[in-house]
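In what follows, chains carry the letters A, B, and so on, assigned in the order in which the sequence lines appear, proteins first and then strands, with residues in each chain numbered from 1.
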Amino acid sequence: MKLKKIFLITVAVLSVFYTIGCWDMVDIDKRFFVGNIGVDRAEDGEQMLVTFTFPIVRKIAGGQGGGQGGGGGSTIVVISTVTDSIHAAARQAAMRLSRRLFFEHTRVILIGEELARDGIEEVVNFLERNTEINRRGRVIVVRGKAKDALTIKNEIEVLLALYIANIFENRDICARFIETDVDEFMKQVHSMNGNVLLPRLTPGKTDVKIGGAAVIKKYKLVGWLEENETLGANFVLGEISGADIMIDIPGYKYPVVFTVTHNKAAMELLEAGDYPKFRVKLEVKGEIVETPEQIQLAPEMLKIIEKMLEDRINHMVLASIRKLQEEYQVDLLGFGEYLSKYKPDVWEEYKKDWENIFPDAEINVETKVKIRGIGASK
Amino acid sequence: MLMDDDRISTGQAMALVINAILGVSLTILPRDVAKTAGPDCWILVILGGVFAFIAALIIAAVITRFNGKTFTEYTSFVLGRPAGFLAGALYAFYFVLVCAVVLRNFAEVMKNFVLETTPREFVIITLLLLSFYLIRHGLEPMVRFMVINFPIWFITAIVALILTLNKVDFSELLPSFRTPPDKILFGSVSAAISMAGFEVLMVAGQGLKTTRHVYKIAAVSIGIVTAFYIYLVVIVVSMLGVDETRRLLWPTFAVLRSITVPGGVLERIEAPIIIVWVIMVFTTLSAYYFSATITFANLFKAKEFKIFAPLLFPWIYFLSMMPQNVLELENWLKFAGNLAVVFGLIIPFILLIAGSVKARWGKSK
Amino acid sequence: MGKIFDTLFHRRKTEIFYERDMAPDRSRKLYKDIDENIRIFNEYLADCDDLISREFVVGNPGGPKHRMALFNIDGLVDKRLVHEEIMKSLMLFARQVPLEYSVGDKFFQLVKDGLLTVAEVREIDNFGEAVLAVLSGDTALFIDKLDRGLILNTRGWEKRSVQEPATEAVIRGPREGFTETYRVNVALVRRRIKDPNLKVQTIRLGRHTRTDVGVLYIKGIANPSIVEEVLKRLNSIDTSGVLESGYIEQMIEDNWLSFFPQFRRTERPDVAAASLMEGNVLIICDNTPFALIAPTTFYSLFQSPEDYYERWYIASLIRILRMTAAFLAATAPALYVAMISFHPGMLPTDLALSIGATREGVPFTTTVEALIMMLALEVLREAGIRLPGPIGQTIGIVGGLVVGEAAVRAGIVSPIMVILIAINAISSFAIPNFSLAVAFRLLAFIFLFLASVAGLYGLILGYLGLTIHLVTLKSFGSNYLSPLVSFKMKKAWDIFVRPPLPSIKERPDYTKPLDRERMRDLRQDQEGRGGDENADGRR
């Protein structure tokens, strides 16, 4: 009896399961792994031009004749479509594709300059609501069109997305761009009312360059920070673990090259009058990696170089702060955040009108450089 | 009703309570507390823990006072038969409602993060069926099941939260102590609601081997849960920031989405971790499902509590399918939370007072 | 529990068995007349051509003569014993017996006590016992004018000698294994436990086979309630034949619907002895080298005897390895399908792409692909077992290398699937207990099905269902998942780690032993006395 009952139940369960089907099952070879999403303003100035790229798996994998195929054509498919939303674009593209677009491996979200100037709310909302996109993907603003960056003939890496995404790994030796991911971007854009620094990408013919920063104010791109200015901003953000600074020494042809290995930034509120007065204290440690051939380093010499470096960094940092204060009038280096966290009483007063107060805030920079190494020669 | 050998020890009772508490509420707790108190959210959790502990103490006192009696027996003893019956019925309905809300919330998370196109019905029915399979074995096997699975999800949860440590920024929890006290007080009630689950012991208390350590059960289980919640809230808020935490529906899982596994073995780990979370949901569901069943069994003085499990099955299912969408589900959750205050604090308190009054009155007579 | 027994046995008992009426009857007493005895005995064993019956006359030339009859079965007796120790003694030495002893009971007593130089002599008074004894290889001796007979132990047949067990080979440890002979097996255990508390209770099971089944336990350690339960269940078996301990296992296990073995079976006397000392009950069945150990737990099935002979680091590592293997054996294909078809986002991008590339052109879905390979593997394994050794290897090569490689080349399956199924199969071989390995292989199919319906969620449903089943499963009143069911961390540790021997001071809980203490730690006393000189000799 019991056996019969169990048998019946099993058969019933099995048949029910299989007749209603396996809803989510899409085999791995029935998906296109979208690596990049590019968002541009379409020609008509209203809609968006959304570009997806994904690899042709058959061609990139080494085995089974794929190797020869690699030479034949591009391994990357670029497909663009014009719509009002990114999600709709993916569905529209489905009309032209044999397989399902799959976003869990998306590494790079590129925003075209034109669209960024109009506002990036759509991108932000898409990224937040969507559960498929990787929260560790990179959000980048492209100088020019995002599509141009996605159609480059890149030979370095098989995967364009990995190529672009992995450039960010070099941040620890060259801090001349902003490093951020979807997670960080979401956090900042929401806590700072749409003010955020994004990395900037400049497309070339066969490669791209990530350098500098896009200044987003109230969800709109208002301008750029050039590479040196970005470096200066990064000093304040305290996020440098590798960057070269060169100082010219009068009378010599080649400069002294100093590599920053550690950097600590601390803010301090000096005065809270009508306009606040800040001091940014930087503690920079690093090594000298190149000097003019004729120079022999001595302790006194190092002191002088340290002093010169301090001046140089002060200058650089101040320049980027000035630019943000005067040209863009947006607080992206965390002065407001600092006040809200550590001086909440002061912040209460400034909070409402911070946009107008910040440009007039007085900000000093005080740098302390410590040379920790000089390489293998004196 | 429970068989004689179907009794649980003190340690097992702790496992039962912890498993009943930790479930779906941990997915939304960070949002709730961040919404009311911003950077002070952790204070809410601590205070919530204190409130939950007080409620648990009252329940523990009730259980100790009516040692060995079933829920219906002592409510009808204290409040009189009709009122006792009514109270029992209300409790049973409350447990059924919690089951439904838990299931639906679970289905929503699955729909969003793991199985996008699989219908909610499938997810709900399969889990409910399994829960049914578990509880019909009785209290002790159910708790044994919880004990066995305890390390699995506990270790997974801790490891997952440790993996987030390189991304956290504790300055997000600043400035501290700037939330007005009234907000803190109200907020901590909602935090306390997310620690509802101890009331399961009111009906499962009859299965305790000894009621001597009920206070210990209350202290340890609420303590562990509070510690876990504080840890969770601190990590989530300091990783996402207050504003982002407020906006996200399930901030806990958003945190999981940005974890990297060392060694690059897995690209994304939210799916596997949510799958482990299924165990937690399952134990919560089973605890409440069992409580509902046993309450009904007590009400009708049934010999076998099992027969009520299939009877409740469709009700839980239909209730869980009633909310239209997530936002409506939120309201249901709030409603269930308010009920938790009634059933976890107010009624036990009345029972305790009325019980002691009656006892004194009986003595003086 | 009782329910299962009812369904299994109760109904059968009510039926009338024609066989039973034919069976020798203990109530049929021997007669004084030897001719009558011979006739009836021959009637019992009529048409049994392997019966040897011999009538002869004994007595000194002057004195009274005694007619005697001797019965045994050809091939079951040791001919030499019968010739030398029975026939010779009776025929030659009986002549020298003084006259006063050579009549009636006195003569019988003399034959029994003084003439037969056979070690085991038993007196009987009915035909039932006589027939059974003869069929078991003993020799029955009837003497004229006496209503009693003698059973002489002359058992001796062709048997396998004690060899190394095939299924439980070890690198370190004794090479002896049980054989097909009950007595030898009991002796192998007895040789390891020279304790009068080692009790052996033999019962005979099977209406036709009359198989000797021994229940062994150590009095004072084993819980009497478990011993009683085992005996009760054994006695409730009423079946036509017990040919292997598997028959017993399936008839008295707690849950016959479960995939999981509820007995631990062993071919090794050292394992048997070790389990006896943990408070288990050992069931030894005649005609099979496999003994059963009850009660058992899920985790003890993962143990190999070597675990306790090797150093504990190694043993612990291997134990964890086995657990991993078991996990893979049950879930590897299912996990793969879940990841590939449902959650490719979990995989690192490079890996996802390369797997996707290998699957290009494979016509089936991943599930079907996995199913094909798993079935192919099961068939190969089955074919390999049946075929004689040298051909079996050919099967391995043809099946594994040729077919696998060709299937990949033909694009029917992807190479990764071949790797995966190979891992899956090898993992299942790493589980020490064969029945458990089979259970895990079965689970692999179920998990595969669940994963193909709902991906990881299906897997976790399977896991939950499995855990619920295991949690509620009992083996003779002990929790199958013991010691994980309680909060005893110290005991739970033993699952994944084989603790150093000096730290295993107690017997495991699941057997509910009467005497908990396994070892008294004398080293602590020494430490007090020995002091410094021993300090670096010890950890």
Side-chain angles (χ1 to χ4, degrees), chain B residues 5 8-12 14-15 106-107 110 113-119 122-123 126-127 129-138 140-153 257 260-261 263-279 281-283 286, chain C residues 1 255 297-299 327 331 334-335 338-353 355 449-474 477-489 491-493 495-496:
Chain B
D5 57 341
I8 54 176
S9 68
T10 307
Q12 284 180 317
M14 284 175 199
F106 160 73
M110 293 302 281
F113 290 98
V114 186
L115 300 167
E116 276 88 9
T117 48
T118 304
F122 172 80
V123 173
T126 45
L127 203 72
L129 268 177
L130 266 183
S131 183
F132 170 62
Y133 175 45
L134 174 61
I135 63 162
R136 59 187 289 282
H137 288 107
E140 205 265 343
M142 178 179 82
V143 179
R144 237 188 292 147
F145 171 85
M146 290 172 175
V147 172
I148 281 177
N149 282 304
F150 194 79
I152 294 177
W153 61 255
R257 285 176 63 201
T260 31
V261 185
V265 192
L266 290 177
E267 178 77 15
R268 306 172 62 151
I269 58 166
E270 79 250 27
I273 289 184
I274 288 173
I275 287 307
V276 174
W277 171 73
V278 173
I279 301 176
V281 175
F282 182 71
T283 51
S286 302
Chain C
M1 186 52 250
N255 186 348
T297 63
F298 187 65
Y299 299 101
F327 175 75
T331 60
L335 261 181
M339 284 218 233
I340 295 304
S341 307
F342 286 83
H343 319 284
M346 275 167 64
L347 300 168
T349 310
D350 298 346
L351 183 61
L353 288 176
I355 290 177
F449 168 76
L450 287 170
S452 69
V453 171
L456 281 181
Y457 177 62
L459 259 180
I460 199 81
L461 286 181
Y463 165 78
L464 289 174
L466 176 67
T467 327
I468 296 171
H469 170 67
L470 287 177
V471 158
T472 50
L473 191 60
K474 296 215 167 188
S478 305
N479 285 325
Y480 199 54
L481 280 186
S482 158
L484 253 198
V485 285
S486 60
F487 274 118
K488 284 181 186 153
M489 274 302 151
K491 303 257 168 171
W493 201 233
I495 295 162
F496 302 107

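Side-chain polar atoms of C/Tyr457 and B/Thr118 form no donor-acceptor pair below 3.5 angstrom.
Residues C/Phe342 and B/Leu115 meet the side-chain proximity criterion, which asks for heavy atoms closer than 4.5 Å.
With rounding to the nearest 0.5 Å, the separation of OH in C/Tyr463 from CD1 in B/Ile275 is 13.0 Å.
Of all heavy-atom pairs spanning C/His343 and B/Ala271, the tightest one is ND1-CB, 4.4 Å. B/Arg144 approaches C/Asn479 most closely through the heavy-atom pair NH1-OD1, 2.9 Å. Contact detail for B/Ile148 and C/Thr467: the closest heavy-atom pair is CG2-CG2, 4.1 Å. B/Pro141 and C/Val471 get closest at one heavy-atom pair: O-CG1, 3.3 Å. What you find for B/Val278 and C/Ile460 is that their closest heavy atoms are CG1-CG2, 3.9 Å. Scanning both residues, C/Leu347 and B/Glu267, for their nearest heavy atoms gives O-CB, 3.0 Å.
Neither the backbone nor the side chain of C/Ala338 comes within contact range of chain B; no heavy atom of the residue lies under 4.5 Å from a heavy atom of that chain. At a 4.5 Å heavy-atom cutoff, B/Pro151 makes no contact with chain C through either its backbone or its side chain. Interface residue B/Met110: only side-chain heavy atoms are found under 4.5 Å from chain C. The contact between B/Phe145 and chain C is made by backbone and side chain atoms together, counting heavy-atom distances below 4.5 Å. In this structure, chain C has heavy atoms under 4.5 Å from both the backbone and the side chain of B/Val123. At a 4.5 Å heavy-atom cutoff, B/Leu129 makes no contact with chain C through either its backbone or its side chain. For chain C, the nearby part of B/Ile152 is the side chain; its heavy atoms alone come within less than 4.5 Å.
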Working for side-chain contact (heavy atoms from CB on, under 4.5 Å), residues B/Tyr133 and C/Leu464: CA-CA 10 Å; B/Tyr133 175 45; C/Leu464 289 174; over 6 Å; no
Evaluate C/Leu461 against B/Phe282 for side-chain contact (heavy atoms from CB on, under 4.5 Å), listing each step before the verdict. CA-CA 10 Å; C/Leu461 286 181; B/Phe282 182 71; over 6 Å; no
Please lay out, stage by stage, how C/Met346 and B/Ile269 fare under the test side-chain contact (heavy atoms from CB on, under 4.5 Å). CA-CA 6 Å; C/Met346 275 167 64; B/Ile269 58 166; over 6 Å; no
